There are 2 protein chains.
Amino acid sequence: MLDKRLPDRTVGRLSLYRRLLSELRKRGVSHVYSHELAKAAGVTAAQVRRDVMATGYSGSPTRGYEVEELAASIGKVLDGPARQNVALVGVGNLGRAMLAYFSGRRPNLSIVAAFDSDPGRVNRVINGVRCYPMGELSRVVAEEGITVGVIAVPTTAAQEVAAALIRAGVTGLLNFAPTPLHTPPHVYVQDMDVTTSLERVAYFARQSSEKNTGA
Amino acid sequence: MLDKRLPDRTVGRLSLYRRLLSELRKRGVSHVYSHELAKAAGVTAAQVRRDVMATGYSGSPTRGYEVEELAASIGKVLDGPARQNVALVGVGNLGRAMLAYFSGRRPNLSIVAAFDSDPGRVNRVINGVRCYPMGELSRVVAEEGITVGVIAVPTTAAQEVAAALIRAGVTGLLNFAPTPLHTPPHVYVQDMDVTTSLERVAYFARQSSEKNTGA
DNA sequence: ATAATGCTGTGAACTGATTCACAGCGTGAA
DNA sequence: TTCACGCTGTGAATCAGTTCACAGCATTAT
């Protein structure tokens, strides 16, 4: 099979290419060159060709890539054979933003349950997603075959929530809490640390301004 | 000076170390070894030492790093001489989560203005931040000396908003819209693409499960 | 006073990702 | 039919980031 683990940067870019391709398809475009896709994605053409190579798809030297087929090829790599279910933990502003954003978006990947420790937030349906109390987590995750968890709880609760999700069978986490999680090696964790990101942007924004100001 | 541009991964980790150090300080810890900090941050000890080296600080072979001093040294690199002001564009769920999270958090970096195109959301104060209509953006950004912009608007509006912010003088952007921004080279852009991230987590979560299931 | 310990700082090696550069090909023009 | 073009696919070179491995040192124990 060609599904030997891809580098994670590549996986991220493939996800982006697929969205760009879907946009092109909507606009009726049937073929696209690597340099066009590259421009849209903000990367180099060589990068696009390498990434496409990783999916096993080949374009034509004269036409470029067929939009429809390339998208399908990326899908074969990114999407599993079955739908993957996602659990969201923490239904504050951030959690609700996630629910609003992903409600019925992708068929292959959907948030099927939400959890919160606040009794006032549970036992209702938000954007089509049922919100359970924390005590139900392990049962629901198992019953729904959930493999991915999104952590949108306060920092202090993050580690505990991660542990509970992993115990229940989750093997991938998207962590919005600004703290590193201690997890076993078979679990993939992606940190979305807004604090760090904002500080980084501030740092480089300052570098840019200084360059303009200074010598 | 030692402030030649640092690699951006390094900047991100320094931000994290600083938060960990502040935690240690609160717990009354005065010294810390690279391997301890490494464990807390989820990186190697050699990595920590390299990163610390980049700040110009030196620890003692026997005591390790002085918590207080290392934090100060990181601050000298990450924080500019003056406070940096941030503008938030888009006051939906995500935008409000940002406001709630950053309200009066760091003294050196604070959201001082928010903008939205929805008349129902503007001309009020959320978490201490005044929310203006989009028409005011260029004026307010200039008047407040804002250098960093956070884009939390729908995908379709993102490019336009980015352009407006840059025109007004912003040199760093934190982009939550799942689309690449086309920006001039002096502007630093950090993408926080939740769609991509979630697909990536799903991909690797699946790989992990398959390993357990398969041969 | 001397030796043993276990740390830091750092040159060098390594690793993974990106880019270069070009052979090979399918198409359209002559 | 033949040629010229400009693309793709990919081996090789490059580059950035990380890790290794060890010299040097401040401290503690003897």
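Source: prediction; values computed, not measured. Heavy atoms only: backbone and side chains are in, while hydrogens, waters and symmetry mates are out. Just so we're on the same page: letters track the sequence lines, and every chain starts at 1.
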* Rounded to the nearest Å, what distance is computed from the NE2 atom of residue B:His35 to the C1' atom of nucleotide C:dT8? -> 11 Å
* **Atom pair distance, as rounded to whole Å: OH in B:Tyr65 and C1' in C:dT8** => 6 Å
* Of the candidate nucleotides C:dT8, C:dG26, D:dT28, which contains the atom at the shortest distance from the side chain of B:Tyr33? -> C:dT8
* Rounded to whole angstroms, how far apart are CG on A:Asp8 and P on C:dT15? -> 18 Å
* To do: Determine which pairs satisfy ring pair (Phe, Tyr, Trp, His ring centres under 6.0 Å) with at least one residue from residues 80-116 of chain A, sequence neighbours left out, and list them in order.
  => A:Phe115-A:Tyr132
* Return the nearest nucleotide to the side chain of B:Pro61; candidates are D:dT18, D:dG24, D:dG6. => D:dG24
* Asked: A:Ser34 has a side chain; which of D:dT8, D:dT27, C:dT27 sits nearest to it?
  -> D:dT8
* Structure fact -> Rounded to whole Å, the CD-P distance (A:Glu36 to D:dG6) equals 14 Å
* **Residues in contact with DNA chain C, drawn from residues 41-53 of chain B - heavy-atom cutoff 4.0 Å** => B:Arg49, B:Arg50, B:Met53
* So B:Phe204 and A:Tyr188, would you call those rings parallel, tilted or perpendicular, with 30° and 60° as cut-offs? -> parallel
* Asked: What distance separates A:Asp193 CG from B:Met192 CE, expressed to the nearest 0.5 Å?
  -> 7.0 Å
* Pairwise 5' ranking along DNA chain C for B:Ser58 and A:Pro7, keeping only the more 5' one -> B:Ser58
* To do: Report yes if the side chains of A:Arg83 and A:Leu109 come closer than 4.5 Å at any heavy-atom pair, otherwise no.
  => no
* Structure fact -> Result for 5'-nearest mapping on DNA chain C, choosing between A:Arg63 and B:Gly64, is B:Gly64
* Which whole-number value in Å describes the distance from B:Glu66 CD to C:dT8 P? -> 14 Å
* To do: Report yes if the side chains of B:Leu99 and A:Asn93 come closer than 4.5 Å at any heavy-atom pair, otherwise no.
  => no
* Give A:Thr10 one of three labels, base, sugar-phosphate or nothing, depending on what nucleic acid heavy atoms sit under 4.0 Å from its own. => nothing
* Atom CG of B:Leu6 and atom C1' of D:dG17: how far apart are they, to the nearest Å? -> 13 Å
* **Rounded distance (Å) that lies between atom C1' of C:dG28 and atom NE2 of A:His31** => 16 Å
* To do: Output the distance between atom OG (B:Ser73) and atom OH (B:Tyr17), rounded to the nearest 0.5 Å.
  => 13.0 Å
* Please examine the side chains of A:Gln84 and A:Asn108, heavy atoms only from C-beta on, and report whether any two atoms are closer than 4.5 Å. => no
